[in-house]
There are 2 protein chains.
Amino acid sequence: MRIAELSRRSGVPVPTIKYYLREGLLPAGELTSPNQARYSDDHLHRLRLVRAMVELGGLSIAAVREVLGALDDPEKSLHKAMGTISAAVAPADLGSEDEVAHEQVAAFLERQGWVCRPTSYAYKALVGVLATAREVGHERFADMLDGFAAAARPLAEADLGYVLGAGSKDEALEAVVVGTVLGDAAMAAVRALARRELSGVRQAEETPTQPCSNP
Amino acid sequence: MRIAELSRRSGVPVPTIKYYLREGLLPAGELTSPNQARYSDDHLHRLRLVRAMVELGGLSIAAVREVLGALDDPEKSLHKAMGTISAAVAPADLGSEDEVAHEQVAAFLERQGWVCRPTSYAYKALVGVLATAREVGHERFADMLDGFAAAARPLAEADLGYVLGAGSKDEALEAVVVGTVLGDAAMAAVRALARRELSGVRQAEETPTQPCSNP
DNA sequence: ACTATCGGATAGTTACAGTATCCATGCTGA
DNA sequence: TCAGCATGGATACTGTAACTATCCGATAGT
């Protein structure tokens with residue numbers, strides 16, 4: 001197909017597709033003549049993936065490029081891809097440093113029986129969050145960590161299950177991306193639902209409407 | 001204190017503080033004369049909160065204003081504050097619509113025994129995510145929802161526990177904000193740690209370093 | 001042959017989040 | 001006391017990110 005059809009089938013304007021091509025988010029089409037190119041279904045699929053990351057995941061173009069680089073890496077270490085994607089999804093700012101926060105993270109890891117180098121991205125991110133919490137006067141925030149861990153275990157199991165259910169290595173890598181980027185968005189929504197349920201706010205509010213299901 | 005001290009103690013440049021004042025993220029200082037104002041510790045605290053939301057939470061100025069509006073609302077319904085904050089943290093784009101996605105969400109809610117109107121933000125967000133997943137050829141993604149719910153329950157308990165541990169109504173509202181905004185960042189880090197543990201990647205990588213703890 | 005479309009390059013636009021400059025006034029230390 | 005630096009407030013500017021528009025010569029399909 002040519003660029004107009006790619007645009008029509010994906011819903012992305014032609015100039016934006018050209019922009020993505022320039023930015024290296026899409027591989028160039030196959031040239032049939034010096035100034036005509038043909039695009040495949042792979043291009044369409046990749047384009048949809050890019051839009052999902054940009055629109056739903058809120059990733060920057062640079063972050064998307066990073067993630068796609070991990071996808072296309074011939075080494076294809078699943079583990080490294082996960083790291084790359086976690087870092088790309090997170091905000092660039094890791095927050096401040098703080099000795100107490102450092103100790104809180106170390107104690108937390110010990111409690112959970114988890115091992116991790118203090119140089120890793122996740123470790124530093126966690127220290128940054130705790131340090132920031134202390135800055136705004138929320139020392140108590142560190143108490144939530146074990147609750148987060150209790151939530152993270154089933155989450156990680158769902159993640160892994162999804163990835164292992166993929167047919168091929170390429171599919172597994174893409175499953176990491178989709179599971180992380182869309183998973184974050186879905187998790188935020190499910191979290192809001194769970195909170196709403198737990199806080200017992202089931203009764204109709206100011207606008208009583210038909211509930212969506214009634215067990 | 002005056003603006004220079006506010007700047008020094010928060011680490012935020014004076015012009016940025018003026019910008020936040022203009023944007024209504026900070027209340028005006030108490031005027032001691034037509035062109036002199038005094039700022040309190042409350043201003044400092046609020047300023048730190050704003051920076052935490054902007055830098056760690058990645059919220060836009062408009063989203064921060066929204067959240068602060070919920071904080072300052074004299075009605076102070078904890079439940080509504082949660083909704084406002086969940087919506088502010090999420091990306092603006094809800095994704096596409098899709099009949100199948102709609103049904104998947106309804107079935108999921110029924111399985112979980114959760115009740116929720118299809119007009120609510122969380123419901124629509126979830127439909128958007130599933131529709132997008134289907135667009136990129138990941139019908140299987142819906143299978144993760146129950147795993148997400150299993151994770152969301154302890155998460156919501158941690159959230160609620162944190163909020164209920166607050167001393168006053170004002171503190172509880174702020175706990176919602178901190179628990180959500182910093183909680184999201186912390187959860188992303190903990191999720192990455194859990195995934196790393198579960199996938200059994202404990203052995204030192206290319207740069208063998210001292211692990212941070214050794215149970 | 002002719003006209004719409006294509007690819008590629010370059011330039012322009014919009015929104016956001018600050019920064020910088022001005023100015024009239026206030027405070028402060030020699 | 002008064003010179004000079006800081007302040008509050010208004011306005012204008014900057015930089016970056018993510019597109020969007022225009023132009024061009026070269027096909028493609030009829």
Asks: Got a second to check how far B:His43's NE2 is from B:Glu30's CD, nearest 0.5 Å?
Replies: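 These two atoms lie 9.0 Å from each other.
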
Asks: To the nearest angstrom, how far is B:Asn35 atom CG from C:dT25 atom P?
Replies: 8 Å

Asks: Would you kindly say whether A:Ser120 and B:Arg196 are connected by a side-chain donor-acceptor distance under 3.5 Å?
Replies: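 Checked: A:Ser120/B:Arg196 side chains show no N/O donor-acceptor pair below 3.5 Å.
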
Asks: Count the heavy atoms of every other residue, nucleotide or ligand shown that sit under 6.0 Å from CZ of A:Arg8, and state whether that count exceeds 12.
Replies: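 For A:Arg8, atom CZ is crowded (more than 12 foreign heavy atoms under 6.0 Å).
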
Asks: Using a 4.0 Å cut-off to any heavy atom of chain A, which nucleotides of DNA chain D are the first and last in contact, reading 5' to 3'?
Replies: D:dA18 to D:dA28

Asks: Going by atom types alone, do A:Arg46 and A:Tyr39 pair a side-chain donor with an acceptor below 3.5 Å?
Replies: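 No.
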
Asks: In the structure I gave you, are the side-chain heavy atoms of A:Arg9 and A:Met1 within less than 4.5 Å of one another anywhere?
Replies: yes

Asks: When we call it a touch if two heavy atoms are under 4.0 Å apart, what does A:Leu21 touch: a base, just sugar-phosphate, or nothing?
Replies: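 No contact.
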
Asks: Under a 4.5 Å cut-off applied to non-hydrogen side-chain atoms, are A:Tyr19 and A:Ile61 in contact?
Replies: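 Contact flag for A:Tyr19/A:Ile61 side chains = yes.
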
Asks: Closest-nucleotide mapping onto DNA chain D: is A:Thr32 or B:Arg38 further toward the 5' terminus? I mean the 5' end.
Replies: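 By nearest-heavy-atom nucleotide position, the 5'-most residue is B:Arg38.
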
Asks: Are the side chains of B:Val190 and A:Phe108 in touch, meaning some heavy atoms are under 4.5 Å apart?
Replies: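 Sidechains of A:Phe108 and B:Val190: in contact.
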
Asks: Surrounding CD of B:Glu66 (heavy atoms of other residues, nucleotides or ligands, distance under 6.0 Å), is the total greater than 12?
Replies: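 Counting other residues, nucleotides and ligands, CD of B:Glu66 stays at 12 neighbours or fewer.
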
Asks: Counting primed atoms plus P, OP1 and OP2 as sugar-phosphate and everything else as base, spell out the protein contacts along nucleotides 13-23 of chain C at 4.0 Å heavy-atom distance: B, S or - for each nucleotide, 5' to 3'.
Replies: ----BBB----

